Amino acid sequence: MRKYLIALVALAMVLGLSGMAVAGAGSLEGGATVSGTATVSAHVNKYCSVDLTAPGTLTFTGTIDEEKSTPADATNGDIAKDCNCDTNLTAAVTTPLTNAETGAQIATKVDIDGGTWSPINGSVTVNNPYVYGVPNPVHHSLSLHGKLGSTISSQPAGDYSGLITVTIAAGLL
Amino acid sequence: MERLRRQLRFLLLLLGAVSLFISNAIAGEGLPPVTETVPIFATVEKYAKILVVVEPMDFGEFTGQLNEEIGPVDSAIFEVETNTALDLRFSAGDLKKDSSFLATKYQARRVLPTALLGWFNRDASYSPVLPIPDLVLTNAQAAGTIRQYAINGWAKTGPNVSSQEAGNYSATITLTVSAP
């Protein structure tokens, strides 16, 4: 047992548990050099900055089953995103297009980057891997789609408004 | 018989007296000391030792916001022992993770007697130190001395969040000594 204890103490001394490590020692003859190196460390947390521009207004004639969409470009709905990690970008219809006076609603969908429309009043998610060197913020189009009902009377004339929520979550990193 | 015994005793006394006389004569004459001198030589070569007394220099966590600065962080100290005058070269790089980096500036100072020695890698305004990023000091430490050099570090994120990927960053600070 004593042998093991002595060996352990010797090992600790060799490993420099005294708090000082010899980084370098040697002759300086003939232009030789001696160096010592200390390590530096830091951690950067996952972070995103987002600026949203709402999609343009949909204008319906009022005919039945009429569908309208805003263009899939950044000037008609924009998600300006500056992130330092892989992300999942989700756009969700929080409140469908609704007529405040009557409570009538228009079936509402949302889309990112001209991909696949969300389910009615649902959400859509796209994955954005982090790529170093890409100029930021990265712009994603945010499009709005609406479809009127199967009867004219089900969609009272007037103004409709709703709410889209964009959520950015850290992806696998 | 008695006569023979007396003669023998006399003879012994005579021999003793003669030997005592001879030994005293030799000692009194004084043999000169014989000494010889040979030269001896040794050469102590120029030698130095560097200890890393304190490390790592840990900046901790950046939240990830743009233009976020942490510093000074002063947890890197070198100790140099030498038997000859020394030139010192301090060098380090930006904190890096793959292609991402955090602009990092370092300032060296001598602990005792206290003296600011200068910036390396980047200057006080985070601009690259020109013409070389290293801090080179000629004849900066005298022969037969032990000196400690402490390094202060500052680091900051870039103008975009995406300028630096989330994760762990690392760098190294190197002190190199040589004889002038």
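Note that the coordinates shown come from a computational prediction; the quantities given were computed from them, not determined experimentally. Letters A, B, ... are given to chains in the order of the sequence lines, protein chains preceding strands, and every chain is numbered from 1. These numbers come from the heavy atoms of this one structure, side chains and all, not from hydrogens, waters or symmetry mates.
- Contacts between B:I70 and chain A at a heavy-atom distance below 4.5 Å are absent for every atom of the residue.
- For B:T82 and B:Q141, the side-chain atoms include no donor-acceptor pair closer than 3.5 Å.
- Among the candidates B:S91, B:A92, B:S99, the residue making the largest number of heavy-atom pairs closer than 4.5 Å to chain A is B:S99.
- Between B:I50 and the choices B:V80, B:T176, B:T174, the side-chain contact (heavy atoms from CB on, under 4.5 Å) rule is met once, by B:V80.
- Remark: B:K97 engages B:E165 in a salt bridge, criterion side-chain N to carboxylate O under 4.0 Å.
- Counting heavy-atom pairs closer than 4.5 Å to chain A, the top-ranked of the candidates B:S75, B:P159, B:S163 is B:S163.
- Surrounding CG of A:D159 are at most 12 heavy atoms belonging to other residues, nucleotides or ligands under 6.0 Å away.
- Heavy-atom distances place both the backbone and the side chain of B:I173 under 4.5 Å from chain A.
- Residue with the most contacts toward chain A among B:A48, B:P56, B:G153: B:A48 (heavy-atom pairs, distance under 4.5 Å).
- Between A:C83 and A:C48, the SG-SG separation falls below 2.5 Å.
- Within the cation-pi definition used here (under 6.0 Å to the ring centroid, within 45° of the axis), B:K105 qualifies as a partner of B:Y126.
- Of the atoms belonging to A:A38, heavy atoms from both backbone and side chain fall under 4.5 Å from chain B.
- Neither the backbone nor the side chain of A:V131 comes within contact range of chain B, judged by heavy atoms closer than 4.5 Å.
- Within the 4.5 angstrom heavy-atom criterion, no atom of B:E68 approaches chain A.
- Ranked by heavy-atom pairs under 4.5 Å with chain A, the list B:G64, B:S162, B:A76, B:A155 is led by B:S162.
- Taking B:T172, B:V177, B:L86 one by one and counting their heavy-atom pairs under 4.5 Å with chain A, the maximum is reached by B:V177.
- Contacts of B:L102 with chain A are made by side-chain atoms alone, with heavy-atom separations under 4.5 Å and no backbone atom involved.
- A:S27 and A:E29 share no donor-acceptor pair across their side chains, judged by distance under 3.5 Å alone.
- For B:Y149, no part lies under 4.5 angstrom from a heavy atom of chain A.
- Looking only at atom types and distance, the side chain of A:S41 has a donor-acceptor partner in the side chain of B:D58 under 3.5 Å away.
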